Amino acid sequence: MERWKKRRLNPRFVILCAVLAALTLAVGIAGISKLLGDGDLPAEDLPVPEYVDKDYLTVNPWSRPGEPLRKIKGVVIHYVGNPGTSAEANRNYFESLSDGNLETYASSHFIIGLEGEVVQCVPLTEIAYASNTRNGDTVSIEVCHPDEAGMFNSAAYDRCVELTAWLCHEFRLNPERDVIRHYDVTGKLCPLYYVENPEAWEAFLEDIGAALETLEEAS
């Protein structure tokens, strides 16, 4: 009978285990996950940019169900479809759905206004009712627009680029692959101008990529 031979531990494996143990003590499990590439898990205490005004919706079945958003794999861009309205007005519309009278499910994580203001309606730890089958793994951004064409004005456009680049930086997303339109999920003409003018959408993604590079160089 062949005798059992004691296996020698690979020194590199021993060192790796020691390093991981030290890192776990230093930054915790959540920090280790982020370091090892599973950082698409949202964080309750993630500080948002200073230009974001948190005005969370009331937890309710219609616009803020409170369901956990377990992973963030993309950002979905929308337009509000209500020309000339402000970010706060659209936020209040989502809040008005909470009584269930309209029997409408709708919300968004962020709304960007015509002056570049940003209202956060739903925490990054929860889903929003914005992107149908992608509600469970994406962050949604609604953007206000001045007219029926749906083109973002310069203030809203620049802020959307900035906010989307920040999200890509925080959750290690690739703008070319992970930033999409509502249209790309359901075929709905949203955001209208950037569906009807695909070259404008491509330029938008390029601008996000450039902003992301700047963030990464600064970090």
Side-chain angles (χ1 to χ4, degrees), residues 39-43 46 48-49 52 54 56-57 62-82 85 87 90-91 93-94 97 104-113 116-145 150-152 156-209 211-212 215:
D40 52 353
L41 297 174
L46 178 67
V48 295
V52 174
K54 291 184 179 180
Y56 292 158
L57 304 173
W62 301 95
S63 56
R64 184 188 167 191
E67 182 178 334
L69 176 58
R70 301 192 181 280
K71 290 200 174 185
I72 294 175
K73 295 184 177 180
V75 178
V76 185
I77 306 298
H78 306 253
Y79 86 134
V80 298
N82 193 7
T85 56
N90 283 280
R91 180 263 172 210
Y93 166 71
F94 290 148
L97 300 176
T104 297
Y105 296 95
S107 58
S108 184
H109 289 94
F110 299 97
I111 307 173
I112 299 176
E117 72 275 21
V118 181
V119 177
Q120 184 176 4
C121 303
V122 178
L124 289 172
T125 53
E126 298 176 18
I127 70 165
Y129 283 147
S131 306
N132 303 80
T133 58
R134 295 301 305 274
N135 286 337
D137 67 356
T138 60
V139 173
S140 52
I141 301 175
E142 291 270 1
V143 185
C144 298
H145 47 95
M151 182 179 181
F152 306 157
Y157 182 96
D158 291 345
R159 186 66 86 195
C160 192
V161 166
E162 184 177 12
L163 177 60
T164 306
W166 175 77
L167 289 166
C168 288
H169 177 71
E170 290 298 319
F171 298 105
R172 292 183 304 286
L173 304 175
N174 180 339
E176 292 185 1
R177 179 191 65 221
D178 302 322
V179 178
I180 61 175
R181 302 162 294 185
H182 191 181
Y183 170 80
D184 298 313
V185 181
T186 67
K188 180 179 180 179
L189 300 180
C190 173
L192 179 63
Y193 181 83
Y194 301 91
V195 173
E196 295 182 338
N197 298 274
E199 70 285 353
W201 177 252
E202 292 302 320
F204 176 71
L205 294 181
E206 290 176 5
D207 288 342
I208 295 170
L212 177 59
L215 279 176

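Quick caveat, the model's predicted, so the values are computed rather than measured.
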remark   = dist R134:CZ -> K73:NZ (nearest 0.5 Å) comes out at 8.0 Å
ask   = Shortest non-hydrogen contact from C160 to V143?
value = SG-CG2, 3.8 Å
query = Do V119 and Y56 have side chains that get closer than 4.5 Å, going by heavy atoms?
reply = no
ask   = How close do L69 and I127 get, heavy atom to heavy atom, and via which atoms?
value = CB-N, 3.8 Å
Rounded distance [0.5 Å steps], CD1 in I208 versus CG in L173 = 10.5 Å
ask   = Are the side chain of N197 and the backbone N or O of E199 linked by a donor-acceptor pair below 3.5 Å?
value = no
ask   = Checking side chain to side chain contact (heavy atoms under 4.5 Å, CB included) for the pair S107/R64: CA distance, chi angles, key distance, verdict?
value = CA-CA 7 Å; S107 58; R64 184 188 167 191; 5.8 Å; no
task = Start with the C-alpha gap between V75 and I180, add the side-chain angles, then the distance that decides, and say whether side chain to side chain contact (heavy atoms under 4.5 Å, CB included) holds.
result = CA-CA 6 Å; V75 178; I180 61 175; over 6 Å; no
query = Yes or no on side chain to side chain contact (heavy atoms under 4.5 Å, CB included) for E170 and L46, after CA distance, side-chain angles and deciding distance?
reply = CA-CA 9 Å; E170 290 298 319; L46 178 67; 3.2 Å; yes
ask   = When rounded to the nearest 0.5 angstrom, what is the spacing between CG in D207 and CG in D158?
value = 8.0 Å
query = Is it true that a side-chain atom of R181 and a backbone atom of P191 form a donor plus acceptor pair closer than 3.5 Å?
reply = no
message = Once you measure the plane-to-plane angle for Y105 and Y129, does it fall in the parallel (<30°), tilted (30-60°) or perpendicular (>60°) bin?
response = perpendicular
task = Could you label the plane-to-plane angle of the Y194 and F152 rings as parallel, tilted or perpendicular, counting under 30° as parallel and over 60° as perpendicular?
result = tilted
message = Can you tell me if E176 has over 12 outside heavy atoms packed within less than 6.0 Å of its CD?
response = no
query = Under 6.0 Å from the OH atom of Y183, do we count more than 12 heavy atoms belonging to anything else shown?
reply = no
message = Do H109 and T138 pair up side chain to side chain, a donor and an acceptor below 3.5 Å, judged on atom types alone?
response = no
inquiry  = Less than 4.5 Å apart, side chain to side chain, heavy atoms only: is that true for V118 and I111?
reply    = no
query = Is a side-chain donor-acceptor pair under 3.5 Å present for S108 with S140?
reply = yes
task = Please report the shortest heavy-atom distance between F110 and V52, naming the atom on each side.
result = CE2-CG1, 4.0 Å
key: Which atom of W201 lies closest to which atom of V179, heavy atoms considered   = CZ2-O, 3.7 Å
ask   = If you measure from OG1 on T125 to CD on E67, what distance do you get to the nearest 0.5 Å?
value = 12.0 Å
message = Working to the nearest 0.5 angstrom, can you tell me the gap between H78 NE2 and C190 SG?
response = 6.0 Å
task = Looking only at non-hydrogen atoms, find the nearest pair between P175 and C168 and report the distance.
result = CG-SG, 4.1 Å
key: Heavy-atom pair with the smallest gap, counting every atom of A128 and V122   = CB-CG2, 4.3 Å
request  = Would you check if V161 and F204 make a side-chain contact, meaning some heavy-atom pair closer than 4.5 Å?
outcome  = yes
inquiry  = Between V48 and K54, is there a side-chain heavy-atom distance shorter than 4.5 Å?
reply    = yes
ask   = Can you check whether A130's main-chain N or O pairs, donor with acceptor, with N135's side chain at less than 3.5 Å?
value = yes
message = Would you say that V139 contacts V76 through its side chain, given a criterion of any heavy-atom pair below 4.5 Å between the two side chains?
response = no
Under 3.5 Å side-chain donor-acceptor pair for N82 and Y93 = no
ask   = NE2/H169 to CG/L212 distance, rounded to the nearest 0.5 angstrom?
value = 7.5 Å
Close side-chain approach of I112 and E142, heavy atoms under 4.5 Å = no
task = Please check if any side-chain donor atom of N90 sits under 3.5 Å from a side-chain acceptor atom of T85, or the reverse.
result = yes
